[in-house]
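Reading through the structure tokens given below for one structure.
Just the heavy atoms: all of them, side chains too, but no hydrogens, waters or symmetry mates, feed the values below. Note that the structure is predicted; figures quoted are calculated from it, not measured.
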Amino acid sequence: MPAPTDWTPGPGHYRHTRATRLVADGQEERRVAGTLADDLRAAGHGTVPAVRGGARTGDIVIDVRPDRASLNTEGYELRSGARLSVTAATETGAFYGTRTVLQLLGRP
């Protein structure tokens, strides 16, 4: 089982609501967002739309940034605050980050 290789606690609190959206601009991000939307629905979190553009409070942002090579192929960074962000260097890393999001949200 994978384990965190680097973890730094910080301030932040995220709240998932009925108004939550998945913000995903690029093609890779949109594929990951589509899978997460299906899984959130199956887990009882309702229909969460995938949108492009600016994030607002309560949104989940998926961001694939190849310039974040230090995250490696399967790594990701989660940040919580007014919104929750999953940042990865690859689509695979972003997908794994959304698995953690699902675990953290649990069942409503």
query: With a 4.5 Å heavy-atom cut-off, do Arg30 and Arg52 have their side chains touching?
result: yes
- prompt: Hey, mind stepping through Leu40 and Leu105 against side chain to side chain contact (heavy atoms under 4.5 Å, CB included) and telling me if it holds?
  reply: CA-CA 9 Å; Leu40 286 168; Leu105 291 177; 3.7 Å; yes
message: Using 0.5 Å steps for rounding, measure from the CG atom of Leu104 to the OG1 atom of Thr100.
response: 6.5 Å
field: Residue pair Val32 / Val86, side-chain heavy-atom distance below 4.5 Å
entry: no
- prompt: What's the spacing between Tyr96 OH and Thr73 OG1 if we round to 0.5 Å?
  reply: 10.0 Å
task: May I have all residue pairs that pass ring pair (Phe, Tyr, Trp, His ring centres under 6.0 Å) and include part of residues 21-57, sequence neighbours excluded?
output: His16-His45
message: According to a hydrophobic-cluster definition based on side-chain heavy atoms being under 4.5 Å apart (Ile, Leu, Val, Met, Phe, Trp, Tyr only), do Val64 and Leu71 belong together?
response: no
Non-hydrogen atoms of Tyr14 and Ser80 that approach each other most closely: CB-CB, 4.0 Å
task: Would you please name every residue forming a side chain to side chain contact (heavy atoms under 4.5 Å, CB included) with Ala69, sequence neighbours left out?
output: none
query: Between Val61 and Leu36, is there a shared hydrophobic cluster once you connect ILVMFWY residues whose side-chain heavy atoms come closer than 4.5 Å?
result: no
query: Any side-chain donor paired with an acceptor under 3.5 Å for Tyr76 and Thr98?
result: no
- line: Ala37 meets the side chain to side chain contact (heavy atoms under 4.5 Å, CB included) criterion, sequence neighbours left out, with Leu22
query: When rounded to the nearest 0.5 angstrom, what distance separates CD in Glu28 from OG1 in Thr92?
result: 8.5 Å
message: For a side chain to side chain contact (heavy atoms under 4.5 Å, CB included) check, start with the C-alpha distance between Thr90 and Phe95, then their side-chain angles and the critical distance, and finish with the verdict.
response: CA-CA 9 Å; Thr90 67; Phe95 172 78; over 6 Å; no
task: Please list all pairs passing the side-chain hydrogen bond (donor to acceptor under 3.5 Å, both in side chains) test where one or both residues lie in residues 34-44, with sequence neighbours left out.
output: Asp38-Arg41, Asp39-Arg99
statement: Distance col, row Leu84:CG vs Thr20:OG1, nearest 0.5 angstrom, shows 9.5 Å
Polar side-chain atom of Arg83 near backbone of Gly58 as donor-acceptor pair, under 3.5 Å: no
- line: For Ala50 and Ala33, the nearest pair of non-hydrogen atoms, with its separation, is CB-CB, 4.1 Å
task: Not counting sequence neighbours, which residues clear side chain to side chain contact (heavy atoms under 4.5 Å, CB included) with Asp63? List them please.
output: Glu29, Arg65, Thr87
field: SB check Glu77 Arg79 (cutoff 4.0 Å)
entry: yes
- request: For Arg21, enumerate each residue passing the side chain to side chain contact (heavy atoms under 4.5 Å, CB included) test, keeping only those at least two apart in sequence or located in another chain.
  value: Val23, Pro49, Val51, Arg56, Asp59
